Amino acid sequence: MSGVTGEAAPTGHGVASRAEYCVIACAEAWRDGGEILASPMGLVPSVGARLAKRTFAPDLLLTDGEALIVDPDGTVEGWLPYRKHLELVAGGRRHVMMGASQIDRYGNQNISCIGDWAKPARQLLGVRGAPVNTLNNATSYWIPKHSRRVFVEKVDMVCGVGYDRAAGAPYHRIPRVVSDLGVFDFATPDRTMRLVSVHPGVTVDQVRQATGFGLVIPDEVPYTREPTAAELRLIREVIDPGKTRAGEVPV
């Protein structure tokens with residue numbers, strides 16, 4: 001059944017919650033990545049990275065967020081000194097999944113301020129490591145509340161670098177954007193954002209109306225793949241028994 005028909009799948013589609021579909025979509029970002037460092041930011045991406053490590057991406061490297069390489073259950077595998085971390089970041093051997101206060105059609109991301117930089121209406125996190133992340137290694141995005149305030153025609157300030165600004169950056173790549181409505185990539189001739197799938201219970205029209213620019217929408221839009229029974233068991237019983245994922249996607 002294609003999401004382009006405008007019909008929503010039943011909200012009870014399969015046995016997975018919306019949050020669990022989002023976990024699967026985030027996990028898929030690290031498929032076939034090989035021995036690289038995963039840097040998930042957010043609850044759903046963290047569950048997704050650990051799920052990927054336990055299933056189809058066993059070579060993936062996870063950290064405790066500071067200085068240790070860990071197994072999916074937190075068991076320490078080794079030390080990751082800051083100098084080694086910088087080597088991975090600068091050499092394209094990391095795939096980070098960041099958040100975005102704003103993101104545009106080319107994948108430019110803003111986490112610094114809303115409004116004019118000289119006199120912003122709202123001060124946010126600041127630029128932080130976004131330029132280095134996006135220019136030196138693969139960067140995906142997780143957006144738990146898809147809206148026109150986030151998916152904008154033009155970001156107020158470029159923090160993460162999009163495809164229209166990344167000429168000559170050898171490791172720049174934005175594999176995917178995952179939101180609570182669907183999955184997106186930039187596999188278009190002009191490197192603008194394309195709708196890849198919608199989560200069950202969501203229609204293409206909902207995505208279109210919640211986006212502040214013209215998405216590339218194929219004739220046929222599938223639903224995000226269902227988690228397997230084994231994946232659901234890992235998510236619910238092993239990786240996230242406390243249901244932290246529902247804190248970001250409550251539906």
Side-chain angles (χ1 to χ4, degrees), residues 22-54 56-70 72 77-78 80-104 106-112 124-144 150-151 155 157-163 165-166 169-180 183-187 191 193 196 239 244-245 248:
C22 291
V23 166
I24 289 297
C26 288
E28 287 288 343
W30 286 286
R31 185 180 287 276
D32 300 324
E35 193 176 32
I36 62 169
L37 179 64
S39 295
M41 300 179 185
L43 298 173
V44 166
S46 294
V47 177
R50 285 182 284 164
L51 179 66
K53 169 77 172 178
R54 286 182 178 272
F56 53 75
D59 294 331
L60 199 63
L61 301 178
L62 304 177
T63 75
D64 64 351
E66 295 185 11
L68 298 173
I69 298 289
V70 297
E77 286 187 343
L80 184 68
Y82 195 56
R83 64 180 181 273
K84 185 63 176 177
H85 186 271
L86 288 178
E87 287 179 14
L88 294 172
V89 171
R93 294 187 59 201
R94 182 173 75 149
H95 184 167
V96 59
M97 183 170 282
M98 293 196 292
S101 300
Q102 294 178 326
I103 191 167
D104 67 22
Y106 292 102
N108 293 295
Q109 170 244 35
N110 175 25
I111 52 173
S112 183
L124 305 175
L125 289 173
V127 175
R128 300 175 70 87
V132 173
N133 287 343
T134 50
L135 290 175
N136 291 286
N137 48 242
T139 304
S140 292
Y141 293 102
W142 159 241
I143 299 169
V150 180
F151 287 75
V155 298
M157 180 176 179
V158 176
C159 301
V161 180
Y163 278 104
R165 299 171 182 266
Y171 298 118
H172 177 272
R173 188 164 63 92
I174 308 175
R176 65 177 49 202
V177 176
V178 180
S179 80
D180 61 330
V183 180
F184 311 83
D185 68 11
F186 298 87
R191 290 296 196 177
M193 194 181 296
V196 174
I239 300 173
T244 64
R245 59 196 180 277
E248 288 188 325

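Just so it is clear, the structure is predicted and the values come from calculations on it, not from any experiment. All residue numbers refer to positions in the sequence shown, counting from 1.
Closest of all the heavy-atom pairs between Gln109 and Ala100 is CG-CB, 3.6 Å. Contact detail for Lys53 and Pro58: the closest heavy-atom pair is NZ-O, 3.0 Å. Closest of all the heavy-atom pairs between Val155 and Asn108 is CG1-O, 3.3 Å. Ala52 and Ala27 make their closest contact through CB-O, 3.8 Å (heavy atoms, listed as atom of the first residue, atom of the second, distance). Across Ile111 and Gly99, no two heavy atoms sit closer than the pair CG2-O, 3.9 Å. Among all heavy-atom pairs drawn from Asp185 and Pro175, the shortest one is CB-O, 3.6 Å.
The SG atom of Cys159 sits 11.0 Å away from the CZ atom of Arg128 when rounded to the nearest 0.5 Å. Separation of atoms OG (Ser39) and CE (Met97) is listed at 11.0 Å; rounding is to 0.5 Å. One finds the CZ atom of Phe184 at 7.0 Å from the CE atom of Met193 (value rounded to the nearest 0.5 Å). With values rounded to the nearest 0.5 angstrom, Leu61 atom CG is found 12.5 Å from Trp30 atom CH2. Taking CG of Leu135 as the reference point, atom CZ of Arg165 lies at 11.5 Å (rounded to 0.5 Å). Separation of atoms OG (Ser101) and CD1 (Ile143) is listed at 9.0 Å; rounding is to 0.5 Å.
Between His172 and Tyr163, the angle of the ring planes goes over 60°, which puts this pair in the perpendicular group of the 30/60° scheme.
At least one side-chain heavy atom of Val96 sits under 4.5 Å from a side-chain heavy atom of Met41. Residues Leu43 and Thr244 have side chains in contact (heavy-atom distance under 4.5 Å, counting atoms from C-beta outward). At a threshold of 4.5 Å between non-hydrogen side-chain atoms, the residues Ile103 and Val177 count as touching. Within the 4.5 Å cutoff, the side chain of Arg54 has heavy atoms near those of the Ile239 side chain. In this structure, Pro144 and Asp180 have side chains that are not in contact, with every pair of non-hydrogen atoms separated by 4.5 Å or more. Put simply, the side chain of Asn133 reaches to within 4.5 Å of the side chain of Met98, judged on heavy atoms.
The main-chain N or O of Ala25 is found under 3.5 Å from a side-chain atom of Arg176 such that the two form a donor-acceptor pair. A donor-acceptor distance shorter than 3.5 angstrom exists from the side chain of Thr134 to the backbone of Val161, with no hydrogens or angles considered. Listed for the Thr139 side chain is no donor-acceptor partner under 3.5 Å among the backbone atoms of Ile174. Under the 3.5 Å distance criterion, the side-chain polar atoms of Gln102 are left unmatched by any main-chain donor or acceptor of Asn110. Using a distance-only test at 3.5 Å, with no hydrogens or angles considered, a donor-acceptor pair links the side chain of Glu248 to the main chain of Val44.
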### Message
If you apply the rule side-chain contact (heavy atoms from CB on, under 4.5 Å), what do you find for Leu51 with Ile24, and how did you get there?
### Response
CA-CA 8 Å; Leu51 179 66; Ile24 289 297; 3.7 Å; yes
### Query
Can you list the steps and then say if His95 with Asn137 is a side-chain contact (heavy atoms from CB on, under 4.5 Å)?
CA-CA 6 Å; His95 184 167; Asn137 48 242; over 6 Å; no
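You'll find the ring centres of Tyr141 and Phe151 outside the 6.0 Å limit.
Residue pairs meeting the salt bridge (charged side-chain N to carboxylate O under 4.0 Å, His left out) criterion with at least one partner in residues 27-43, sequence neighbours excluded, are Glu28-Arg31, Glu28-Arg225.
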